[in-house]
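Remember, it's a predicted structure, so these values are computed and weren't measured experimentally. Computed from heavy atoms alone, side chains included, the values below leave out hydrogens, waters and symmetry copies.
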Amino acid sequence: MPRVAAVKERPFDARVYAMVGRIPHGQLATYGQVAELIGAYGCARQVGWALRRLPLPSDVPWQRVVNAQGRIAMGPGREGSDWIQRELLLVEGIAVAADGRLPLARHRWRPPLELVEPSCTKE
């Protein structure tokens, strides 16, 4: 598993980085899938913000996390990280359409059940 830079991390961010670090080369996960895997159901947006806080370059394979539609979120707010993500995925052998669409069904990560954390909302 890749090491995360020694930066003062928020506990949520550290959980996100640890889970994303388990996504194998050539496979993809969605923000919502990562949220569910760390027991934070419904926190897909927060997963995205945690990944955005990563300093680049990073040992965390953040490029393997995409939106629920199987696309790279493209836009000026990404400050070029959308194009970096595209290039990193191409290097991994994942085809990326001009509009950021990815073959999510073919490359979707199916993690082992033991990685799924219990929901933090359960009592």
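- You'll find the side chain of V34 stays beyond 4.5 Å of the side chain of L51, heavy atoms only.
- Of all heavy-atom pairs between A50 and Y17, the closest is O-OH, 2.7 Å.
- Here L88 pairs with W62, Q63, I84 under the side chain to side chain contact (heavy atoms under 4.5 Å, CB included) rule; sequence neighbours left out.
- Here the straight-line distance linking atom CG of L37 with atom CE of M19 works out to 5.0 Å at 0.5 Å rounding.
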Exercise. Should E92 and H107 be marked as a side chain to side chain contact (heavy atoms under 4.5 Å, CB included) after you check the CA-CA gap, both sets of side-chain angles, and the distance that decides it?
Worked result: CA-CA 11 Å; E92 290 193 31; H107 293 279; over 6 Å; no
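- Scanning all heavy atoms of the two residues, the minimum distance from L28 to I23 falls at N-CG2, 4.4 Å.
- Looking at R52 and S81, their side chains never come closer than 4.5 Å, going by heavy atoms from C-beta outward.
- Under a hydrophobic-cluster definition in which Ile, Leu, Val, Met, Phe, Trp and Tyr are linked whenever side-chain heavy atoms come within less than 4.5 Å, directly or via other members, I72 and V91 are assigned to different clusters.
- For R45, the salt bridge (charged side-chain N to carboxylate O under 4.0 Å, His left out) criterion is met by no residue, not counting sequence neighbours.
- In this structure the side chain of V60 never reaches within 4.5 angstrom of the side chain of V16, judged on heavy atoms.
- Judged by distance alone, the side chain of Q33 and the main-chain N or O of R110 form no donor-acceptor pair under 3.5 Å.
- Pairing each heavy atom of W109 with each of Q27, the nearest pair is CD1-OE1, 3.0 Å.
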For this session: Just do the side chain to side chain contact (heavy atoms under 4.5 Å, CB included) check on T30 and R108 with the steps written out, would you?
Result: CA-CA 8 Å; T30 66; R108 186 165 203 141; 3.5 Å; yes
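- Minimum heavy-atom separation, P61 to G21: CD-CA, 3.7 Å.
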For this session: Evaluate the criterion side chain to side chain contact (heavy atoms under 4.5 Å, CB included) for residue pair D13 and W49; output intermediate values, then yes/no.
Result: CA-CA 9 Å; D13 291 5; W49 282 108; over 6 Å; no
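- The heavy-atom pair separating A44 from A35 by the smallest distance is N-CB, 3.9 Å.
- Of all heavy-atom pairs between V66 and Q85, the closest is CG1-NE2, 3.9 Å.
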